[in-house]
Amino acid sequence: MSKVLFFGRTADRLGRSREVEIPPAGLSIADLRQRLCNADETARDALDRPDVRACVDQVIVGDDARIAPDQEIAFFSVFSGG
Amino acid sequence: MSKVLFFGRTADRLGRSREVEIPPAGLSIADLRQRLCNADETARDALDRPDVRACVDQVIVGDDARIAPDQEIAFFSVFSGG
Amino acid sequence: MAVHTRLALEPFDPARELAAFLDGRDQDGAVVSFTGVMRGQGRDGQTLERLHLDWYPGMTEASIAKIAEDTAARFSVSDVRVVHRCGDIQPGEPIVFAAAAAPHRRAAFEACDYLMDKLKTEAAFWKREDSASGSQWIDPSGKDRADAARWSKL
Amino acid sequence: MAVHTRLALEPFDPARELAAFLDGRDQDGAVVSFTGVMRGQGRDGQTLERLHLDWYPGMTEASIAKIAEDTAARFSVSDVRVVHRCGDIQPGEPIVFAAAAAPHRRAAFEACDYLMDKLKTEAAFWKREDSASGSQWIDPSGKDRADAARWSKL
């Protein structure tokens, strides 16, 4: 199982993290987002938004980026700044 | 006797102050400057310069300002700033 | 040149940071610092109980370090120091200390100003204001964005 | 609004000044400070032994207070603090601490910047640099004058 992290208002709805199964062949961010959205309405509300970005190994990526099982994945809305 | 104060490079040449006699009827700054200059060459070198200003009771004044015996008089070159 | 940045999980003392930044300095005549203090009032005038700055461990530190390094590279400064709080912050507590040292004061002012504009818009934080009437996530203000945009014209 | 100015005859600690200026502050989010440190090198690169700031007791204090009050009136700032050394200053010693506090950081930056430009050109001091090769009285630099002139356009 891989951990997907959430921050900011995204974490307000989904908690700090969820466990997901990433297949050994990998997955695209779009696929993963879809999978999380399909799990429940709260997740869809929180993640199916254009301002919610994905991040792999602490680098912001687009929807077509591929992720492998051992990578660190996160979803969050835009930074507010400090 | 009244004390005339000097600051900055003016004080380098003339010391911190000199005693002068201001007549009860008063004197103009131009008169006082002339009197000091007439006393010796060092004073003339230090005071007979357009960038040396006069100050009465801590307010910068022009050459035609009048001074009375009990006023605080100073001569100095332009401020350098802090 | 030294760039020092730190994410503080607990309250910190801006005066101590300034003391550390000034320590041993005798070639850089100009040090400009900014201290941001948590205000007791929100943007709409409501009394705030708390500011929460959510952060992504690792990524947030990296975003602050990058902003500080970019600043040091862009201006003629000798040193840059940033300390930024995260987590729950009470009114009156410092949120950020940012400082730049330079031989000339114009560079120090501009670097510190730039540093703050970038931190306020690009640092990896999520900001929430908590008041008696509820909690609200905050996006960068139009003012902050306009301030940050000034630099792209230079 | 509070304007606090002080002429310091002995070395002072900028960090303590910042601490005092921040004390109890919870409505003004932004504090900008400038610290000017005595450089070990003069304008021509020579090693300096000492800076002497000659002053006119009473008039110098008044000139600093006036600059601080003008600054407070000109910008949307809550408080202004200036501490300025006079007399003999050694390399590495602080010469000036100037700070402005405001609800918004732009006003705090501009006020502190203006404060320094004015102090560097209009404060009632006479500056002398002492080095092994002699002593030299210093006039405001062209750079300082140009910096101060920026504000008359606003």
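Residue numbering restarts at 1 for every chain, and letters A, B, ... go by the order of the sequence lines. Everything numeric here is computed off the predicted structure, so don't read it as measured data.
Between Ile67(D) and Thr71(D), the shortest heavy-atom distance links the atoms O-OG1, 2.7 Å. Of all non-hydrogen atoms in Leu115(C) and Ala68(C), the two that sit nearest each other are CD1-CA, 3.9 Å. Considering every non-hydrogen atom in both Val77(D) and Ala107(D), the closest pair reads CG1-O, 3.8 Å.
Taking chain C as the reference chain and counting heavy-atom pairs below 4.5 Å, the highest number among Arg105(D), Met116(D), Glu17(D) is found for Arg105(D). In terms of heavy-atom pairs under 4.5 angstrom with chain D, the leader among Pro14(C), Ala15(C), Ala20(C), Ala19(C) is Ala15(C).
With respect to Asp144(D) and Lys118(D), no salt bridge is recorded, no charged nitrogen being found less than 4.0 Å from a carboxylate O. Between Arg106(C) and Asp117(D), at least one side-chain nitrogen of the basic residue sits less than 4.0 Å from a carboxylate oxygen of the acidic one, meeting the salt-bridge criterion.
Within the 3.5 Å criterion, the main-chain N or O of Ala146(C) finds no donor-acceptor partner in the side chain of Arg150(C). Listed for the Asp79(D) side chain is a donor-acceptor partner under 3.5 Å among the backbone atoms of Ala2(D).
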Practice prompt. Show your working on side-chain contact (heavy atoms from CB on, under 4.5 Å) between Ser131(C) and Thr47(C) and close with a plain yes or no.
Written response: CA-CA 6 Å; Ser131(C) 70; Thr47(C) 300; over 6 Å; no
Item to complete: Check step by step if salt bridge (charged side-chain N to carboxylate O under 4.0 Å, His left out) holds for Arg74(C) and Asp70(C).
Response: CA-CA 6 Å; Arg74(C) 184 176 177 129; Asp70(C) 286 354; over 6 Å; no
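Using a 4.5 Å cut-off between heavy atoms, Arg16(C) does not touch chain D at all. Within the 4.5 angstrom heavy-atom criterion, no atom of Asp13(C) approaches chain D. Asp113(D) touches chain C through backbone and side chain together, each having a heavy atom under 4.5 Å away.
Residues of residues 120-128 of chain C lying within less than 4.5 angstrom of chain D, judged on heavy atoms, are Lys120(C) in numerical order. Residue-level contacts of residues 53-65 of chain C with chain D do not occur; threshold 4.5 Å between heavy atoms.
Figure legend: cation-pi geometry between Arg25(D) and Phe21(D), with NZ or CZ positioned under 6.0 Å from the six-membered ring centre and within 45° of its axis.
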Atom pairs and distances, side-chain donor-acceptor, residues 30-42 of chain D, under 3.5 Å, sequence neighbours left out:
residue	atom	partner	partner atom	Å
Ser33(D)	OG	Ser33(C)	OG	2.6
Arg39(D)	NE	Gln27(C)	O	3.3

Please tabulate, for the side chains in residues 87-104 of chain D, all donor-acceptor contacts under 3.5 angstrom to protein atoms that are two or more places apart in sequence or on a different chain.
residue	atom	partner	partner atom	Å
Asp88(D)	OD1	His52(D)	ND1	2.8
Glu93(D)	OE1	Arg85(D)	NH1	3.0
Glu93(D)	OE1	Gln90(D)	N	3.1

